[in-house]
Amino acid sequence: MVFPKEQPGALRECIDDEPQGAGESSRNRREVGGENEVRRSSRTINIDRISELPDSVLLHIMNFMDTRDAVRTCVLSKRWKDLCKRLTSLTFYSDLPNEYVVESFAKFESWVLFSRDDSCSLLNLTIESWIKADVLDRVIQYALFHNVRRLKMNIYSSRGPNFESLPLTVRCQSLTSLELSNKLNPSALILPKSLHLPALKSLRLAYVNFTAGDNDRAEPFSNCHVLNTLVLVSCSLNKDAQVLCISSSTLSSLTIFEGKAYRIALSTPNLSSFTVTSSVRHQLSSTCNLSFLGEVNINTPWGETSWDGKTSIIVRWLQVLANVKILTIGLRAVQTILRDLSNPISTRPQPPCFVRLESLKVRKQLFGNVSDKEVSRVVEYLLQNSPTAGVDIIRIA
């Protein structure tokens, strides 16, 4: 859209000369048909309607933009000159790992932070970029000192950042949402023993390492007193840690994607949703009976073949999650349970005793190599102690 140079709200009128005999224009127009579109007087009105919007509306729109694009609006007119300095959301994207991009980002970031109106709150910060460690720390520290609420960092660095701002990040009093990832070098991002984030409600950690306390147990979440949603993606335990303890009296939703094999101990009495989208390698236990567990979804990858020889591990998980109301399992989980059922009866694990189960859903690929009869066998095995539960076979392409 092209914005006019006139002041906002000004009208630019373009009036064509009217031919002689305009007094009979109405009759002439009816007679000449389409020629009236050429001969008639016309008035063209160009209005910069966007610039007429209140600052609050313009800033709301700009906060959804990449910060570089938002800053570019300052050249449109005097009306836009300083708007970008009052953004409450900063978003920095860059997926090109070259020296020019890295240096350009550093200069741009410095200008943004130096020019920004410090009287405006910084609510959201997103960084998905190749970035130098000192630049990253400078941006993060600025955000933390301005009481940022939602922080998302997908760091692209093959060597890993020094991340001197990490201790400040995991003790931020204002954060309500945190996403942290360093996919290119997972071993470089090591979290401290505990996260002290009293206002944090949503946490997503990808490719990070947890640190054990005095024993072999890592317990990073116990000081996140209002944590509601936790997502772990390909996370690992650092050095001597053997057990990841997920302790939270407020946690409602837990999702686990992939990750190396380690033990998971739950202390989450209010957990209502549990999703596993990975090969089920972890050993699972719980210190409570998970009496509020509403949904469990075990969606293992179709191509996954590694079960570390522990073919009954899914059944053991289900024994821990026996208070679930709605259980959904994928075809790969069905195959694993079939292996259990092929063993001698004396070595088979006991079927879970679902005391609240209302519905069992099985996701079955149309072209999978598991027959309907085999699916029925697994369903019958799982529902031995829950005969009233409904069954739904979901056929997917």
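Between K152 and E128 there is a salt bridge, since at least one side-chain N of the basic residue sits less than 4.0 Å from a carboxylate O of the acidic one. Salt bridge R79/D55: present, at least one basic N to carboxylate O contact under 4.0 Å. Comment: R116 does not engage D82 in a salt bridge, judged by the lack of any side-chain N to carboxylate O separation of less than 4.0 angstrom.
Looking only at side-chain heavy atoms (C-beta outward), L251 and N228 stay at 4.5 Å or farther from each other. Under the 4.5 Å side-chain criterion, counting only non-hydrogen atoms from C-beta, I264 is not in contact with Q283. Proximity of V71 to W111: side-chain heavy atoms (C-beta onward) are separated by under 4.5 Å at one or more points. Counting heavy atoms from C-beta outward, T287 and T268 have side chains that stay 4.5 Å or more apart. Looking at heavy atoms from C-beta onward, V379 lies in side-chain contact with V362 at the 4.5 angstrom threshold. Considering only heavy atoms from C-beta on, Y262 stays 4.5 Å or farther from V243 through its side chain. Residues D340 and S342 form no side-chain contact, since every pair of their non-hydrogen atoms from C-beta on lies 4.5 Å or further apart. Counting heavy atoms from C-beta outward, T275 and L254 have side chains that stay 4.5 Å or more apart.
The hydrophobic clustering, which links ILVMFWY residues whose side-chain heavy atoms are closer than 4.5 Å, places M153 and L123 apart. Criterion: ILVMFWY side-chain heavy atoms under 4.5 Å apart, direct or through other members. Under it, L318 and V320 are part of a common hydrophobic cluster. Residue V375 is grouped with residue V391 when hydrophobic side chains (ILVMFWY) are merged at heavy-atom distances under 4.5 angstrom, including chains of intermediate members. Cluster membership check: V378 shares its hydrophobic cluster with I314, using side-chain heavy-atom separations under 4.5 Å among Ile, Leu, Val, Met, Phe, Trp and Tyr. No single ILVMFWY cluster, assembled from side-chain heavy atoms under 4.5 Å apart, contains both V226 and L203.
Remark: the E295 side chain and the S273 side chain contain no N/O donor-acceptor pair separated by less than 3.5 Å. Using modelled atom types, one finds a donor on one side chain and an acceptor on the other under 3.5 Å when comparing Q335 with R332. Checking T88 against N63 by side-chain atom types alone, a donor-acceptor pair falls below 3.5 Å. For the residue pair S272 / S252, a side-chain donor-acceptor distance below 3.5 Å is found, with atom types taken as modelled.
With a 6.0 Å radius and a threshold of 12 heavy atoms from other residues, nucleotides or ligands, R138 has its CZ atom above the threshold. The neighbour count for R150 CZ, taken as heavy atoms of other residues, nucleotides or ligands under 6.0 Å away, is above 12. Few gaps surround CD on Q141; more than 12 heavy atoms of other groups in view lie less than 6.0 Å from it. Shown here is F292, whose CZ atom has no more than 12 heavy atoms of other residues, nucleotides or ligands within 6.0 Å. By the 6.0 Å contact criterion, CD on E380 is open, its count of non-hydrogen atoms from other residues, nucleotides or ligands being 12 or less. Residue K85 places its NZ atom among more than 12 non-hydrogen atoms of other residues, nucleotides or ligands, all under 6.0 Å distant. Heavy-atom neighbours of R356 CZ from other residues, nucleotides or ligands within 6.0 Å: above the threshold of 12.
When all heavy atoms are compared, the tightest approach of L166 to L180 is CD1-CD2, 4.3 Å. Scanning both residues, M65 and T73, for their nearest heavy atoms gives CE-CG2, 4.4 Å. Closest approach of N385 and P352 over heavy atoms only: ND2-O, 3.5 Å. Residues V315 and Q350 come closest through the heavy atom pair CG1-O, 3.6 Å. Between P220 and L244, the shortest heavy-atom contact is CD-CD1, 3.8 Å. In terms of heavy atoms, V170 sits closest to P192 at CG2-CG, 3.7 Å.
Of the possible polar contacts, one joining the S386 side chain to the F354 backbone as a donor-acceptor pair under 3.5 Å is found. At least one donor-acceptor pair closer than 3.5 Å links the side chain of K364 to the backbone N or O of V370. No donor-acceptor pair under 3.5 Å is formed between the side chain of Q242 and the backbone N or O of N215. Distance alone, capped at 3.5 Å, is enough to place a donor-acceptor pair between the R377 side chain and the L341 backbone. With hydrogens and angles disregarded, a donor-acceptor distance shorter than 3.5 Å links the side chain of S371 to the backbone of E374.
When ring centroids are compared, F114 and Y142 stay outside the 6.0 Å threshold.
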Might you work through the side chain to side chain contact (heavy atoms under 4.5 Å, CB included) test for L266 and L284, ending with a clear yes or no? CA-CA 8 Å; L266 300 179; L284 184 68; 3.9 Å; yes

Kindly determine whether L230 and F221 satisfy side chain to side chain contact (heavy atoms under 4.5 Å, CB included), including the steps that lead there. CA-CA 10 Å; L230 176 61; F221 312 115; 3.8 Å; yes

For the pair N323 and S291, evaluate side chain to side chain donor-acceptor pair (under 3.5 Å) and give the outcome as yes or no after the intermediate values. CA-CA 6 Å; N323 268 322; S291 56; 5.9 Å; no

For V233 and L205, what are the C-alpha separation, side-chain angles and deciding distance, and is it a side chain to side chain contact (heavy atoms under 4.5 Å, CB included)? CA-CA 6 Å; V233 182; L205 299 173; over 6 Å; no

Under the criterion side chain to side chain contact (heavy atoms under 4.5 Å, CB included), I'd like the reasoning laid out for L58 against I50: C-alpha separation, chi angles, the key distance, then a yes or no. CA-CA 8 Å; L58 293 178; I50 292 182; 3.8 Å; yes

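Among V355, N297, L293, L360, the one residue that satisfies the side chain to side chain contact (heavy atoms under 4.5 Å, CB included) test with V324 is L293.
The distance from the CG atom of L90 to the CG atom of N124 is 9.0 Å, given to the nearest 0.5 Å. To the nearest 0.5 Å, atom OG of residue S89 and atom CG of residue L122 are 7.5 Å apart. Here the CD1-OG distance, from I246 to S286, works out to 10.5 Å after rounding to the nearest 0.5 Å. Summarising the geometry, atom CZ belonging to R149 is positioned 12.5 Å from atom OG belonging to S177; distances are rounded to the nearest 0.5 Å. The CZ atom of R363 sits 8.0 Å away from atom OG1 of T328, with the distance rounded to the nearest 0.5 Å. In this structure, NE2 on H282 lies 8.5 Å from CD1 on I313, to the nearest 0.5 angstrom.
A perpendicular orientation is assigned to the rings of F64 and H60, their planes being inclined by more than 60° (bins at 30° and 60°). The aromatic rings of F108 and F92 lie perpendicular to each other, with more than 60° between the two planes, well past the 30° mark.
Because its NZ or CZ atom is not both nearer than 6.0 Å to the ring centre of Y93 and within 45° of the ring axis, R68 does not count as a cation-pi partner of that residue.
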